[in-house]
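Nothing fancy with the numbering, it's 1 onward along the sequence. Heavy-atom basis, side chains included; hydrogens, waters and symmetry copies ignored.
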Amino acid sequence: MFYKFFTLEYPLKELLFFLYVRSLAERELAIMITKIPSSQDIRHVQLSLAKCLKISKIYFSNVLAVQ
């Protein structure tokens with residue numbers, strides 16, 4: 001995925017989206033993804049439905065506020 005951003009196959013706007021949603025998930029889970037040990041697979045970290053809905057609500061309320 002990083003390669004696609006690096007070669008501009010994906011636009012900067014999409015990179016900003018991924019980084020912003022990652023920061024929302026980190027805040028909701030109370031973890032820093034960059035601090036997770038390399039021996040732990042991040043794909044096994046799960047969000048509950050309630051946390052996913054909360055992240056979505058925060059994201060869309062911020063998007064609507066900007067518009």
Side-chain angles (χ1 to χ4, degrees):
M1 182 177 275
F2 177 75
Y3 177 78
K4 291 187 178 199
F5 288 117
F6 188 72
T7 60
L8 300 176
E9 186 175 333
Y10 289 166
L12 181 60
K13 192 174 184 178
E14 289 186 27
L15 175 60
L16 294 175
F17 165 78
F18 280 110
L19 292 174
Y20 179 62
V21 173
R22 183 180 90 168
S23 72
L24 292 176
E26 285 178 330
R27 188 171 52 190
E28 188 59 32
L29 290 170
I31 61 169
M32 291 292 294
I33 292 174
T34 56
K35 303 285 185 196
I36 294 176
S38 59
S39 60
Q40 182 180 352
D41 190 348
I42 188 65
R43 294 173 292 187
H44 295 148
V45 176
Q46 295 185 3
L47 291 169
S48 67
L49 177 60
K51 289 185 184 219
C52 288
L53 291 173
K54 185 175 180 182
I55 291 169
S56 299
K57 190 179 212 180
I58 293 169
Y59 173 77
F60 285 110
S61 66
N62 288 336
V63 167
L64 293 175
V66 171
Q67 295 177 354

Exercise. Any side chain to side chain donor-acceptor pair (under 3.5 Å) pairs touching residues 20-30, not counting sequence neighbours?
Worked result: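 Residue pairs with at least one partner in residues 20-30: Y20-N62, E28-K54.
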Exercise. Do L16 and L24 share a hydrophobic cluster (ILVMFWY, side-chain heavy atoms under 4.5 Å, transitive)?
Worked result: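 L16 and L24: one cluster.
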Exercise. For the hydrophobic clusters of this structure (ILVMFWY residues joined by side-chain heavy atoms under 4.5 Å, transitively), does one cluster hold both M32 and V21?
Worked result: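 Hydrophobic grouping puts M32 apart from V21.
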Quick one: side chains of residues 2-12, donor-acceptor pairs under 3.5 Å with protein atoms, not counting sequence neighbours, listed by atom name and distance.
from	atom 1	to	atom 2	distance (Å)
T7	OG1	Y3	O	2.9

For this session: Please list, chain by chain and in numerical order, all residues satisfying side-chain contact (heavy atoms from CB on, under 4.5 Å) with S61, sequence neighbours excluded.
Result: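 Testing S61 for side-chain contact (heavy atoms from CB on, under 4.5 Å), a comparison that skips the adjacent residues, returns none.
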For this session: Not counting sequence neighbours, which residues clear side-chain contact (heavy atoms from CB on, under 4.5 Å) with Q40? List them please.
Result: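 Applying side-chain contact (heavy atoms from CB on, under 4.5 Å) to Q40 gives I36, P37, V45.
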Exercise. Which atoms form the tightest heavy-atom contact between A25 and I55, and what is the distance?
Worked result: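 Distance-wise, the nearest heavy atoms are CA-CD1, 3.6 Å.
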Problem set entry | Hydrophobic cluster of L49, others only, ordered by chain and residue number, side-chain cut-off 4.5 Å |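 Its cluster partners, ordered by chain and number, are L53.
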Problem set entry | Any residue meeting salt bridge (Lys or Arg N to Asp or Glu O under 4.0 Å) with E14, in chain and number order, not counting sequence neighbours |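 Applying salt bridge (Lys or Arg N to Asp or Glu O under 4.0 Å) to E14 gives none.
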